[in-house]
There are 2 protein chains.
Amino acid sequence: MPKNNHPVVILVQPQMGENIGAVARAMGNFGLSELRLAAPRDGWPNPKAVEMAAGAESIITNATIYPDFMAAMHDVHLAYATTARPRDMEKRVVEPRTAMAEITGHSASGNKVALVFGPERTGLANEDITLCDTLITIPTSEENRSLNIAQSAVLIGYEWLCAQSDVMQVTRELPDIAPQEEWHGLFSQLEGYLDAADYFRVVHKKQVMWQNLQNMLLRSRLSAQEVRTFRGMLRALWERRLGEKS
Amino acid sequence: MPKNNHPVVILVQPQMGENIGAVARAMGNFGLSELRLAAPRDGWPNPKAVEMAAGAESIITNATIYPDFMAAMHDVHLAYATTARPRDMEKRVVEPRTAMAEITGHSASGNKVALVFGPERTGLANEDITLCDTLITIPTSEENRSLNIAQSAVLIGYEWLCAQSDVMQVTRELPDIAPQEEWHGLFSQLEGYLDAADYFRVVHKKQVMWQNLQNMLLRSRLSAQEVRTFRGMLRALWERRLGEKS
């Protein structure tokens, strides 16, 4: 997907410069770059927006200003508006994850998509919502539903990035988990020590006790090198014990 | 799952009261309630934390204070630490979504899980990370990797709530989409009007033109009532046209 077909973010009548900056920061964190402001309350440029952008200053300096929401939407094919409160309107409402899966598809098909946020205090007016195709509502706990625009932008941006399948590669499982034969060697050694130490005492309980021990150790998912380290440690313990006895 | 087995959030040496408050707010938004502070830099209580909590003040007033991270972990079975930078340590690293799926399972099994955040400036010290089982890294764009603790807490809380499958029910598809027979009635009516108006002109092009028109209209996903409204509108248009001709 060409970068210039990422969704654009449109802030409708944004009030505080700090919030514009926080939105830009979230955009930068999650790979969005085009910001449009429709009738920002305090005019433009706004130094507080630059201050809060924290690494995303270029998004602020490249932001484009429009006299109203409709003008900011001139080339947009599909608009998704984030709304806090439910609206009594015949609009689809989806969660951020669903929205971003859809938007990824729309963008890949060459459609320009807008992510729309309303004024901080009031949210979008109904006539602005009418211009939008779909509403995004972020799931929250029933008791504390209020998210500010900075929080919302972080979540929307994050879900956008997550929906770009090629970037979800930060997971790192432990490398180089020891193969079973390494464990077998460790277990033989340990069982020998424990038998010699009469650890299991009651013969008919040994099987369960020994299984439990092996399971505990296996859960550590040691690497082959770590198994060897562990065996060295066991040997050291065992030989000291012999030394004490002698 | 009993509420008191939700994960606890542990802030290790948190620096700014505002950030403690922002974390509490995010916890409240996403259904987490137990906050522990290990050695907060500016002491406790901290009025700035209450100010920023925005509806989650009870999380601040019920927060418990510990002299160090180990003390705050006394009853924790499994700890997941959110870290920004990759660590040169043999720890599993997972994304928030994977982490929260795992933690939901651990919590349901009766294990107490901690979500751990380090000091704002430096992040967790290596000896604190050693106490944690798994690291959570939030995927970001390569160019802007820096997330503050408030942003991280929002994302972690959100993924926790999303992992509680019974709450992801904010989606609302349009209710009452008109059944095909309603559409058939509309299309018959409209085709009659258009034929009568000689709209299609070139006979062999009619099929494609008419299909395109129907597809356009179907995409609107009207309800049965809306189809009737639309038909009334068409009828009004058509009858006015006749009136003009006469």
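Please read these numbers as outputs of a predicted model, since none were measured by experiment. Note on naming: letters A, B, ... go to the chains in the order of the sequence lines (proteins, then strands), and numbering restarts at 1 for each one.
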Chain B contact via A/Glu142 - which portion, at a heavy-atom distance below 4.5 Å: neither

Quick one: does any side-chain atom of B/Asn29 pair with a main-chain N or O of A/Thr140 as donor and acceptor, under 3.5 Å? no

Counting C-beta onward and ignoring hydrogens, is there a side-chain heavy-atom pair between A/Phe30 and B/Pro139 closer than 4.5 Å? no

How far does CG of B/Asn144 sit from OG of A/Ser33, to the nearest 0.5 angstrom? 10.5 Å

Atom SG in B/Cys162, atom CG in A/Leu155: separation rounded to 0.5 Å? 8.5 Å

Rounded to the nearest 0.5 Å, what separation is found between the CZ atom of A/Arg97 and the OH atom of B/Tyr158? 5.0 Å

Side chains of B/Ser146 and A/Arg25: closer than 4.5 Å at any heavy-atom pair? yes

Taking every heavy-atom pair that is under 4.5 Å apart, which of B/Leu147, B/Leu32, B/Ile136 has the most such pairs with chain A? B/Leu147

If you count heavy-atom pairs under 4.5 Å with chain A, which of B/Ala150, B/Ala54, B/Ser141, B/Ala22 comes out on top? B/Ser141

